[in-house]
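What follows is a short report on a single structure.
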Amino acid sequence: MGISANAAICRSPDTPFTIEEVTLDEPRAGELVVRIAACGICHTDMAVRDDHIPIPKPIILGHEGAGTVEQVGEGVTHVKPGDRVIISFNSCGDCPNCDTDAPTYCYNFGPNNFSGLRADGSHTVHIGEAPVQANFFGQSSFATRALAHERNVVKVPTSAADIPLEQLAPLGCGLMTGAGAVLRSMAVRKGMPIAVFGTGAVGLGAIMAAKIAGADPIIAVDVHDARLELARERGATHVFNAKGDPIAKIAELCPQGLAYAFDTTGLKSVIEDAFGLVAPKGILGLVGASPPTDMLALNESALMGGGKRVIGILGGDSNIQGFLEELIEHHVAGRFPYEGLIRVFPFDEINEAFHAGESGEVVKPVLKMPE
Ligand SMILES: NC(=O)c1ccc[n+]([C@@H]2O[C@H](COP(=O)([O-])OP(=O)(O)OC[C@H]3O[C@@H](n4cnc5c(N)ncnc54)[C@H](O)[C@@H]3O)[C@@H](O)[C@H]2O)c1
Ligand SMILES: [Zn+2]
Ligand SMILES: [Zn+2]
């Protein structure tokens with residue numbers, strides 16, 4: 001039978017998204033159908049479109065969905081039809097890292113998020129008779145409906161009952177990753193210096209969280225002055241344009257080094273320069289998507305002698321059920337003021353929305369689906 005929806009289909013890096021009618025599977029055990037109200041656009045959607053993260057096409061992207069539960073499959077009990085939910089990354093729930101509350105490092109992260117299929121290899125969506133890759137981050141929310149999973153939907157708390165879903169959707173990836181990197185992965189300490197390289201949604205999420213954590217100074221680096229201004233408004237104490245030798249300026253400002261350096265650019269040269277600034281026992285956290293051929297060159301004795309750590313970070317080590325609520329609480333209290341970073345586009349303007357995100361004009365484009 002199936003459930004009909006309209007979804008944005010990505011066919012190649014060079015063709016625009018087209019909105020087409022698709023059929024979703026009926027929800028299986030542990031799955032649910034969400035009527036999508038809005039979905040944020042994250043740089044990772046672009047990375048898949050451009051084949052930097054290789055998944056076969058055609059594919060339905062979108063991994064910052066929010067909406068209302070329409071139908072639940074067997075065994076789904078923490079949400080029910082009518083509940084407002086945010087959708088995030090999926091995880092298996094049954095591996096050494098899921099077992100220890102580290103689902104962003106699920107041993108089965110790939111099959112559950114990046115295969116375009118269910119973890120068991122089956123398709124979730126068809127166009128006519130033809131299968132299309134979906135289940136991206138366990139959702140594929142560039143669509144009017146998405147098939148999600150028990151483990152990747154979070155019920156919107158009553159404290160956020162008045163916040164529209166287009167404002168809650170982008171919490172599910174970029175903002176959560178930046179905030180989680182600071183509050184969870186690196187556990188930034190009060191009074192310690194941090195520099196954030198790249199102030200897109202992830203970097204700005206990190207800066208707002210660094211202010212919550214009481215880091216000092218909070219240094220932001222980007223190539224766009226407009227983004228640096230946004231960083232300053234949200235907590236950066238110092239901002240440096242990447243074109244004006246930020247490394248020398250940071251070294252002068254923090255002669256003992258940075259306790260935390262956080263890279264969101266994914267650029268090898270930026271990461272290697274940032275490593276040179278890290279203080280003894282400092283942490284360099286990496287989240288940016290880089291070309292698969294890039295190899296870092298780091299000095300071994302500087303790494304060992306200083307007891308430094310270079311860590312990869314996925315999803316900000318967020319255990320979404322608790323962490324998204326925590327972020328919403330910060331937001332409601334005015335400590336996580338991301339609303340001004342969003343621009344809402346109607347779903348059928350998805351190509352314009354991507355362009356606005358890529359040109360740097362908009363930090364967080366969000367698609368709003370028709371009612
Ligand atoms: N690891 C994860 O869990 C995770 C989650 C979300 C996003 N990501 C990745 O994180 C990265 C950031 O995502 P985003 O949505 O914030 O992207 P974005 O493109 O909005 O932000 C990147 C920023 O880096 C800036 N930049 C470019 N060159 C620079 C340079 N030389 N020095 C300093 N800044 C520079 C850009 O101007 C931009 O503002 C992307 O690669 C994305 O795929 C990773
Ligand atoms: Zn797992
Ligand atoms: Zn993302």
Side-chain angles (χ1 to χ4, degrees), residues 39-50 52-53 61-65 87-114 119 136-137 139 141 151 169-181 185 195-207 219-228 230-231 239-247 262-271 273-274 285-291 311-318 341 354 356-365:
C39 185
I41 295 175
C42 167
H43 201 93
T44 305
D45 296 303
M46 298 158 191
V48 176
R49 177 201 60 190
D50 297 341
H52 297 162
I53 300 174
L61 298 171
H63 62 285
E64 293 183 351
I87 321 177
S88 188
F89 67 90
N90 198 19
S91 53
C92 78
D94 186 25
C95 72
N97 287 343
C98 285
D99 284 350
T100 50
D101 253 6
T104 62
Y105 308 111
C106 174
Y107 277 36
N108 302 302
F109 198 88
N112 280 289
N113 294 279
F114 285 123
F136 183 54
F137 278 83
Q139 48 180 301
S141 290
R151 284 183 63 81
L171 284 174
C173 180
L175 291 163
M176 172 183 88
T177 294
S185 325
V196 175
F197 295 85
T199 54
V202 178
L204 289 167
I207 284 166
I219 303 159
V221 182
D222 203 291
V223 288
H224 293 299
D225 286 328
R227 292 214 165 172
L228 291 174
L230 294 174
V239 302
F240 298 129
N241 192 302
K243 292 168 191 154
D245 201 357
I247 301 301
F262 181 54
D263 179 74
T264 77
T265 70
L267 297 170
K268 174 178 157 65
S269 61
V270 174
I271 296 168
D273 283 349
L286 308 179
V287 290
S290 325
I311 59 171
I313 297 174
L314 250 182
D317 287 60
S318 310
L341 307 176
F354 264 73
E358 283 171 295
S359 68
E361 184 191 333
V362 177
V363 173
K364 180 52 72 180

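Atoms within each ligand, like the ligands themselves, are counted from 1 in listed order. Along the sequence shown, residues are numbered consecutively beginning with 1. Reckoned from all heavy atoms, side chains included, excluding hydrogens, waters and symmetry mates.
- Only the side chain of V270 comes within contact range of ligand 1, with a heavy atom under 4.0 Å; no backbone atom does.
- Remark: the backbone N or O of K243 is paired with a side-chain donor or acceptor of N241 at under 3.5 angstrom.
- Ligand 1 has C173 within reach: a non-hydrogen atom of the residue lies less than 4.0 Å from it.
- Listed here is the closest heavy atom pair of T177 and G315: OG1-CA, 3.3 Å.
- Using a 4.5 Å cut-off on side-chain heavy atoms (C-beta onward), F262 and F197 make no contact.
- Of all protein heavy atoms, the one closest to atom 27 (C) of ligand 1 is V223 CG2, 4.1 Å.
- In terms of protein heavy-atom proximity, atom 1 (N) of ligand 1 is nearest to I313 O, 2.9 Å.
- Of the heavy atoms in V202, both backbone and side-chain atoms come closer than 4.0 Å to ligand 1.
- Closest protein heavy atom to atom 42 (C) of ligand 1: H43 CB, 3.5 Å.
- Formation of a donor-acceptor pair under 3.5 Å by the E64 side chain with backbone atoms of C42 is not found in this model.
- Judged by distance alone, the side chain of N113 and the main-chain N or O of N90 form a donor-acceptor pair under 3.5 Å.
- Contacts with ligand 1 closer than 4.0 Å are made by no heavy atom of V363, backbone or side chain.
- For the pair SG of C98 and SG of C92, the angle at the Zn ion (ligand 2) is about 120°; rounding is to 10 degrees.
- Heavy atoms of A289 found under 4.0 angstrom from ligand 1 belong to the backbone as well as the side chain.
- Distance OH/Y105 to CG/D317: 3.5 Å, rounded to 0.5 Å.
- The aromatic rings of F114 and F109 sit tilted, their planes meeting at an angle between 30° and 60°.
- Residue T177 holds the heavy atom nearest to atom 5 (C) of ligand 1 of all those in L267, V362, T177, T265.
- In this structure, the side chain of T199 does not engage the main chain of L204 through any donor-acceptor pair within 3.5 Å.
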**Request:** Decide yes or no on side-chain contact (heavy atoms from CB on, under 4.5 Å) for V239 and R227, but give the supporting numbers first.
**Result:** CA-CA 10 Å; V239 302; R227 292 214 165 172; over 6 Å; no
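- Considering each of R227, K243, K364, the one bringing a non-hydrogen atom nearest atom 20 (O) of ligand 1 is R227.
- In this structure a side-chain-to-backbone donor-acceptor pair under 3.5 Å is missing from T264 to G288.
- When you scan the N, O or S atoms of H63 for the one nearest the Zn ion (ligand 3), you land on NE2.
- Atom 44 (C) of ligand 1 has V287 O, 3.1 Å as its closest protein atom, hydrogens excluded (heavy atom only).
- Close contacts between ligand 1 and H224 involve ligand atoms 37 (O) [criterion: under 4.0 Å to a heavy atom].
- Within ligand 1, the atoms closer than 4.0 Å to a non-hydrogen atom of T44 are 7 (C), 8 (N), 42 (C), 43 (O), numbered from 1 in the order shown.
- Every atom of ligand 1 is numbered from 1 in the order shown, and the set under 4.0 Å from a heavy atom of G288 is 10 (O), 11 (C), 41 (O).
- Of all protein heavy atoms, the one lying nearest to atom 24 (O) of ligand 1 is G198 CA, 3.4 Å.
- For the ligand labelled ligand 1, residue A47 lies outside the 4.0 Å heavy-atom shell.
- Contact between C42 and ligand 1 is present, with at least one heavy atom of the residue lying under 4.0 Å from the ligand.
- Shortest contact from atom 32 (N) of ligand 1 to any protein heavy atom: A242 CB, 3.4 Å.
- Taking atom 37 (O) of ligand 1 as the reference point, the nearest protein heavy-atom neighbour is D222 OD1, 2.6 Å.
- At a 4.0 Å heavy-atom cut-off, ligand 1 does not touch P246 at all.
- Atom 12 (C) of ligand 1 has T264 O, 3.3 Å as its closest protein atom, hydrogens excluded (heavy atom only).
- Listed by number with element, the atoms of ligand 1 under 4.0 Å from a non-hydrogen atom of G315 are 2 (C), 3 (O).
- Across every non-hydrogen atom of G65 and A169, the tightest pair is C-CB, 4.3 Å.
- Between the E361 side chain and the A356 main chain, no donor and acceptor come within less than 3.5 Å of each other.
- Considering CG of L61 and CG of D45, their distance stands at 5.5 Å, rounded to 0.5 Å.
- In this structure, OG in S318 is found 11.5 Å from CG in D101, a value given to the nearest 0.5 Å.
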